[in-house]
Asker: 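Here it is, the structure in full.
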Amino acid sequence: MDSYQETIFKLKRFWAKHGCVIQEPYDIEVGAGTMCPETFLRVLGPKPYSVAYVQPSRRPADGRYGENPNRLYKHSQLQVILKPAPANVLDLYLESLEAIGIKLDQHDLKFEEDNWESPTLGAWGIGWQVMMDGQEITQFTYFQQCGGVDLDLVPAELTYGLERLIGFLQDRKSVYDIEWVAGTTYRDVRFRDEQQFSVYNFEKADVGMLWKLFDLHEAESQRLIDEFRGLDPEKDAYEKKRFPLLSAYDHVLNCSHTFNLLDARGAISVTERVGVIARVRKLAVGVATSWVDQQTLLNAVEVAQ
Amino acid sequence: MSEVKPFLLELGVEEIPHWMIVPALGDMERLFLELCQTHQLVPGDLKFDGTPRRLVLRAAGLPERQADRVELVMGPPKSAGAGAAMGFAKKNGVTVEQLSTEVTPKGEYFALSRKIEGREVRQILAEALPTLISKIPWPKAMYWTGKGGTTFIRPIRWIVALLGDSVVEFELAGVQSGTLSRGHRRLGADEIAFDHTNYEERLEKNGVILSAAKRRKRIQDGIKKLLKGKGLELIADDSLLDDLVYLTEYPTPILGSFNPEFLALPQEVLSTVMRHHQRYFTMRDGEGKMAPHFLAIMNMKADKKGYVVKGNERVLEARFNDARFFWDQDQSKKLSDRVEDLANVTFQAKLGSYKDKRLGVEAGVCRIAAALNLDTRLARRSAELCKTDLMTEMVKELTELQGVMGGLYAKVQGEPDEVWKAIYEHYEPASMESEVPSSDYGKILSIADKLDSLEGCFALGMIPSGSKDPLGLRRAAQGIVKTIVEGRLRLNLKKLVNEGAEETNRTFLRIRSDYKEDRAADGELKLAKQIWEFLLDRVRYYFREVRHYAYDELSAVLAAGPVDLVDIESRLYALKLVRQTEEFEPLAAAFKRMRNILKQAGWQSGSVNPALLEEGAERELFDETSRVLAKVAVYRQSEDYMASLNVISTLKPAVDHFFDKILVNAPDPAVRDNRLALLGGLYNEVSSIADFSEIVTSSTTE
């Protein structure tokens, strides 16, 4: 039996072998690996790109003070993007399972319809949840749209829920019993995170301060988007090409996480909820469309050279 | 006639959602028949099969070549002269002698019979199939080769197109048609050669059972074998079985078990987790109690080492652990303490939160309770709590359990039986097939909840039209009708609708600035009329399609006053039986005649003056009518419509005799009015059970 980290190494090596850039986690809180710029921005535009990274995914409302055996505030996703998706992408995926020691002829595998959608990101795709012996181990999505933009190349996104997958491999009833490395369990490494962040997210977070943060991040992101849009593609070409849209996007992510915190805190009413999601989406779409714009400029330069 | 060859088309697709496969095969059949018709092909027997990874069309015999045919090309009219004929001939590369003349309704025309040689069918198919495939409609298609590329339900990965032994060549979304199929993802080869005779057999060797019927049988046989001698019984679930048939290419059942400790959780929770989240069948033991076992269907041949059973058991245990956690956690806050939280759950964007909805339901259920002499305090309490379980962790996780969980929690928290049962059942009936709530308070809460949805949505103009009914209002209305009839609730539905609409109207006037009151000339709210019409459609549908009453029977009874659906059903039932008697048809015809006479005379009301009656047929009818109506009055007291209609049937000879002998339009206006009053009185009385004139009879002439 491989440890938690050994299985992760194997998956990373597998995807590295198949041409993926192996990235480290993005260093801002996100609710899903999809939100990292490595996915959200890289899937836009006509440039092929393949990447894999383990991303801690933080969902404040899912916290259970470390008391629920299967539900976590922070879980880890191995996010793989293959852009464009090769025709044998599902075969590759199955091979990746074999690479971590799953003997496919001894297990039951089903691809069950599960279409993914993120209203905050203006993104959606079509795909499956991959069920292994009744356990969902992967979400597989062919992205169709991101930031409200139709994608030129259709990427395949594979999201392995690492706790579930490895809990399955190690036959653990609780994620906390997963062996992270010999002699150290998931509980040893992560229990405190679960407990303390649950207490903060549900009880202690200052709602007023969070709203202020939300407003600040939103304003900063919007300011940058507006500034970028005001640039003339000819006159300000240089400025436009090096414009910090990545920073604008970081503020979108901060907005999104702050929104999730407010939500967990019960501070967002129904009427507000729709409105706040729309505010985040507006920013995400703003960055995405600007990003495509910027890439087009950069590509034109490449082609010219 | 050219030689006939078998044709096979297999579309290899990445896993298609199971519920879309059967409709897609239906569409393929329709499209293929259209194609054959367009090209004058007779395809022989057709067969369509589908698995998650393939859609297969087989035609027993397509000709290799289309038959030659003669086409008639119409030219100019003969009156246009020889010049025109010459021009026409020249254009078509023939001489004038080769033209014929055709007689048409517009006159004589020059024409040319041209022989068209049949084309190679392989060629026709090669051209038409890509379009056919692209035309299969899907609920949600995707593109995968890039923006603007082909769309389909999932990426197409291979195509087999075989006419006889050779390929029908075409390309779609970068995939070239060929001769090789593929097996099951793990049980079969990636390339399978075959011919028309051994196709299914070769697939089966490679882990694919092509026929859905065979997959179903394999599941059923497997289950029987597994359960033999175990004292366990499967709780049948046909729709789950259907799902599994189309989720697998090689289905095999396995039997697993779980820790009996979990049986302490409500069975509703256990079976929902198993059914909706894991697609497991639940099991009963010999005594009919839920057994700590489950049945799952693998997409595999065997589980020799038991890994699959073990894995499924582990998953289920984890799920049950979650459920137990939620169950315990949810108890820490009472439902009554969650009422205010409902403000945070949207019912419908324009209608506001469930807190708002709750108030509407409360008002409605109290009205219904009062009408039925039930305790309004209990009704109000059940309405107050009925949506609070939306705030519980269990329902957030297992949304299918809304209502049910609320009921269970209310029970644990010591709410009266009437209250918790009402909450438990208030989403029923979920469909035409499901049972209506069993308890009185459950029935009225269910009706109040659904009526409130209708009122709110209709007030905002969200009225279902055509096939669009996103909020399930049709189903809600159907549920109301079903619950009233099958729950035998003596309610004046029309009155209920009016009162509900009035209340909604008042509420909306108060809280919405954009809402305007809209009343018809008779003072009734347009809203009430719309809801009533909508419900009436469901009433008609229910009695016709579900209870199989004839259209005219329904019209006859509805014409008599459609307010109490239980009463309507009794009258329908009586009418249906009486209708089968010999006297009935002619009597119905006579009533139709009466109606016409009364209508023509513009008769409104009036009573009979016995002094003016003519001896004989007229007096006889009067006496008979008095006798019959006296009896009917007694029977109506006990709502015995059978007896009422039977005794009305005995009027037939007197009615016949009257029409034979008596002229209603007597020269003396007083006599005439008296006769009209005689007929009118009889007609009105009988029509309050059913308007016989609505009955379509063989002797009806109008």
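Numbered from 1 within each chain, the chains take letters A, B, ... in sequence-line order. Computed from a prediction, not measured in an experiment: that's the story for all the values here.
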Asker: Measure the shortest side-chain to side-chain distance between B:Lys310 and A:Asp171 over non-hydrogen atoms and say whether it is less than 4.5 angstrom.
Answerer: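 Side chain of B:Lys310 against side chain of A:Asp171, heavy atoms only: contact under 4.5 Å found.
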Asker: Give, as side chain, backbone, both or neither, the part of B:Glu313 having an atom under 4.5 angstrom from any heavy atom of chain A.
Answerer: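 Neither part.
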Asker: Taking the side chain as C-beta and beyond, is there a heavy-atom pair between B:Met142 and A:Asn115 under 4.5 Å?
Answerer: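 B:Met142 vs A:Asn115: side chains apart.
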Asker: In Å and rounded to the nearest 0.5 Å, what is the CG to NE2 distance from B:Asn312 to A:His107?
Answerer: 11.0 Å
Asker: Are side-chain heavy atoms of A:Gln144 and B:Trp144 found at a separation under 4.5 Å?
Answerer: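 No, side chains not in contact.
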Asker: Which residue out of A:Ala85, A:Gly167, A:Gly125 racks up the most heavy-atom pairs below 4.5 Å with chain B?
Answerer: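 Of the candidates given, the most pairs with chain B belong to A:Gly167.
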Asker: Considering only heavy atoms and a distance below 4.5 Å, find which of B:Lys305, B:Arg154, B:Arg185, B:Met20 pairs most often with chain A.
Answerer: B:Arg154
Asker: Does any part of the side chain of A:Gln106, heavy atoms only, come nearer than 4.5 Å to the side chain of B:Val308, both counted from C-beta?
Answerer: no
Asker: For chain A, which candidate among B:Asp190, B:Asp322, B:Leu316 shows the most heavy-atom pairs at distances under 4.5 Å?
Answerer: B:Asp322
Asker: Under a 4.5 Å cutoff for heavy-atom pairs, which residue among A:Arg64, A:Met131, A:Met132 has the most contacts with chain B?
Answerer: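 Heavy-atom pairs under 4.5 Å are most numerous for A:Arg64.
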Asker: Mind checking the CD-CG spacing from B:Glu15 to A:Leu90? Nearest 0.5 Å is all I need.
Answerer: 6.5 Å
Asker: May I ask you to check whether over 12 heavy atoms, not counting those of B:Phe152, lie within 6.0 Å of atom CZ?
Answerer: yes
Asker: Counting only heavy atoms closer than 4.5 Å, note whether A:Val89 contacts chain B via side chain, backbone, both or neither.
Answerer: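 For A:Val89, side-chain heavy atoms alone lie under 4.5 Å from chain B.
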Asker: Using a cut-off of under 4.5 Å on heavy-atom pairs, state which of B:Gln278, B:Arg157, B:Lys140 scores highest against chain A.
Answerer: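 Between B:Gln278, B:Arg157, B:Lys140, the count favours B:Arg157.
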Asker: I'd like to check A:Asp108 versus B:Tyr307 (side-chain heavy atoms, cut-off strictly below 4.5 Å). Are they in contact?
Answerer: no
Asker: For B:Leu187, is it the side chain, the backbone, both or neither that has a heavy atom under 4.5 Å from a heavy atom of chain A?
Answerer: neither
Asker: Which heavy atom in B:Lys147 sits nearest to a heavy atom in A:Leu151, and how many Å separate them?
Answerer: CB-O, 3.5 Å
Asker: Under 4.5 Å heavy-atom distance to chain A, tell me which part of B:Phe325 shows up: side chain, backbone, both or neither.
Answerer: side chain
Asker: If I measure from the heavy atoms of chain B, does A:Glu136 come under 4.5 Å with its side chain, its backbone, both, or neither?
Answerer: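 Nothing of A:Glu136, per the 4.5 Å heavy-atom cut-off to chain B.
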Asker: Would you say B:Trp19 and A:Glu113 make side-chain contact, with heavy atoms under 4.5 Å?
Answerer: yes
Asker: Answer with side chain, backbone, both or neither: which region of B:Arg279 has an atom nearer than 4.5 Å to a non-hydrogen atom of chain A?
Answerer: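 Contact with chain A: side chain only.
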Asker: Would the number of heavy atoms belonging to other residues, nucleotides or ligands and lying under 6.0 Å from NZ of A:Lys173 be above 12?
Answerer: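 Count not over threshold, so no.
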Asker: If you measure from the Lys or Arg side-chain nitrogens to the Asp or Glu carboxylate oxygens, is any gap between B:Glu397 and A:Arg71 under 4.0 Å?
Answerer: yes
Asker: For B:Lys205, is the NZ atom crowded, meaning more than 12 foreign heavy atoms sit under 6.0 Å from it?
Answerer: no
Asker: Chain A heavy atoms under 4.5 Å from B:Pro155: which part of the residue, side chain, backbone, both or neither?
Answerer: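 Only the side chain of B:Pro155 comes within 4.5 Å of chain A.
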Asker: For the residue pair B:Met300 and A:Asp105, what are the closest heavy atoms and their distance?
Answerer: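 Scanning both residues completely, I find the closest heavy atoms to be CE-O, 3.1 Å.
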Asker: Return the option, out of A:Ile126, A:Leu153, A:Leu104, A:Asp114, with the maximum number of heavy-atom pairs under 4.5 Å with chain B.
Answerer: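 Greatest number of close heavy-atom pairs with chain B: A:Ile126.
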Asker: Heavy-atom cut-off 4.5 Å, strictly under: side chain, backbone, both or neither for A:Ala87 against chain B?
Answerer: both
Asker: So do the side chains of A:Leu109 and B:Asn299 get within less than 4.5 Å of each other, counting heavy atoms only?
Answerer: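 They are not in contact (no side-chain heavy atoms under 4.5 Å apart), so the answer is no.
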Asker: Locate the shortest heavy-atom distance separating B:Leu247 from A:Phe111; write the atom from each residue and the value.
Answerer: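 That closest heavy-atom pairing would be CD2-O, 4.4 Å.
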Asker: Grab the two heavy atoms, one from B:Asn321 and one from A:Pro69, that are nearest each other, plus how far apart they are.
Answerer: CB-CG, 4.0 Å
Asker: Side chain, backbone, both or neither: which part of B:Ile156 has a heavy atom under 4.5 Å from chain A?
Answerer: neither
Asker: Is B:Ala318 in contact with chain A via its backbone, its side chain, both, or neither, using a 4.5 Å heavy-atom distance?
Answerer: both
Asker: Taking side chain as everything from C-beta outward and backbone as N, CA, C, O, which of these in B:Thr252 sits under 4.5 Å from a heavy atom of chain A? Side chain, backbone, both or neither.
Answerer: neither
Asker: For the residue pair A:Arg164 and B:Arg314, what are the closest heavy atoms and their distance?
Answerer: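 Closest approach of A:Arg164 to B:Arg314: O-NH2, 4.4 Å.
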